[in-house]
Asker: 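Next up is a structure, given as structure tokens.
Counting convention: from 1, in listed order, for ligands and their atoms alike. Heads up: numbering here begins at 1 and tracks the sequence.
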Amino acid sequence: MIMNLHTHTHHSPDAADTVAERLCEAHANGLRFMAVTDHVEINRYYPAEYYGKQQTNEYWYDGRGVFERSVAEIAAAVPECGSVRLLCGAEIGQIPQDPEKAALIYNDPRTDLVIGSVHELPGRPDFYFLDYEKEDIPALVTAYFEEVYRLVQTDCWDVLGHLTYGLRYLPNRRAYDLTPHLGLIDEIFQTVIRKDKAIELNGSGLRKPQPYIDPDLMLVKRYYELGGRNLTVSTDAHNTKYLCFGLWLLEDMARTAGFTELTWFEKHQPRKVAL
Ligand SMILES: [Zn+2]
Ligand SMILES: [Zn+2]
């Protein structure tokens, strides 16, 4: 298998296992490129006390600490990575809420790539924690894509993380009609393309009883037809046993959408590898 450019280790508050354990699994699966991208929720970059708050399940703080501990472990593992090209990254959540802090990580000379993700709308918890019975769903989804649009206007990211995350936990996601949002989604894609950045095929939903991929094939084809050629694939693994789960399906989907190459990043420079 070619790549998995979005993975979390025990440094992320919701994930387990070390970089060494990931490398062992990557070797066993013949993976060629692997990025470790632990969570940095940029709107909570400092420990909770800094904000006069307490850490809860909904709100993790100390993104800077996570980043420093993660990067140190990645750097120590690079000499041991053998045939796997180990890339140093971070998944930054909510970049539009504090682009200056995000730039600190993006411009850190140790990072190869930054995934920019929207997990939360301003002042609200992660989409995972919302009570969808009480939400105006079309308004919520519109707000999600508007926030992604704000994200792609910034520059401190390389890969747009799991586009359609805002739909992930909808009670009936498969029935949700994206048609009203396609104009804004096209603008998001055009911005990604103009900036020579990438989107990802995120397969974390493949483990669910009703499996899904963020974004779906219709949207990936649309990105390709608009001229998008930078695409990464990932399982967003939070546990070593899922490191390569469904990767072949994601590669297959990329081919179906028209891609003949995938993209990886070396110090924020896009590089191609044949698909
Ligand atoms: Zn994410
Ligand atoms: Zn992630």
Asker: Quick one: angle H6 NE2 - the Zn ion (ligand 2) - H8 NE2, to the nearest 10°?
Answerer: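 The two atoms form an angle at the metal of about 100°.
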Asker: Can you tell whether the side chains of R69 and D62 come within less than 4.0 Å, N to carboxylate O?
Answerer: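 Yes, charged N to carboxylate O under 4.0 Å.
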Asker: Tell me whether E91 has at least one N, O or S atom under 2.8 Å from the Zn ion (ligand 1).
Answerer: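 Checking E91: at least one N, O or S atom is under 2.8 Å.
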Asker: Tell me whether D108 contacts the main-chain N or O of R110 through its side chain, where contact means a donor paired with an acceptor under 3.5 Å.
Answerer: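 Pair found, side chain donor or acceptor close to backbone of R110.
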Asker: S70 side chain to F67 main-chain N or O, any donor-acceptor pair under 3.5 Å?
Answerer: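 It does not hold such a pair.
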Asker: Taking side-chain hydrogen bond (donor to acceptor under 3.5 Å, both in side chains) as the criterion, tell me which of D126, N202, D214 meets it with Y165.
Answerer: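 Of the listed residues D126, N202, D214, the side-chain hydrogen bond (donor to acceptor under 3.5 Å, both in side chains) partner of Y165 is D126.
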Asker: Quick one: report the N, O or S atom of D236 that is nearest to the Zn ion (ligand 2).
Answerer: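 Among the N, O or S atoms of D236, the one closest to the Zn ion (ligand 2) is OD1.
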Asker: Taking 2.8 Å as the cut-off, does H119 contribute an N, O or S atom near the Zn ion (ligand 1), distance below it?
Answerer: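 An N, O or S atom of H119 is closer than 2.8 Å to the Zn ion (ligand 1), so yes.
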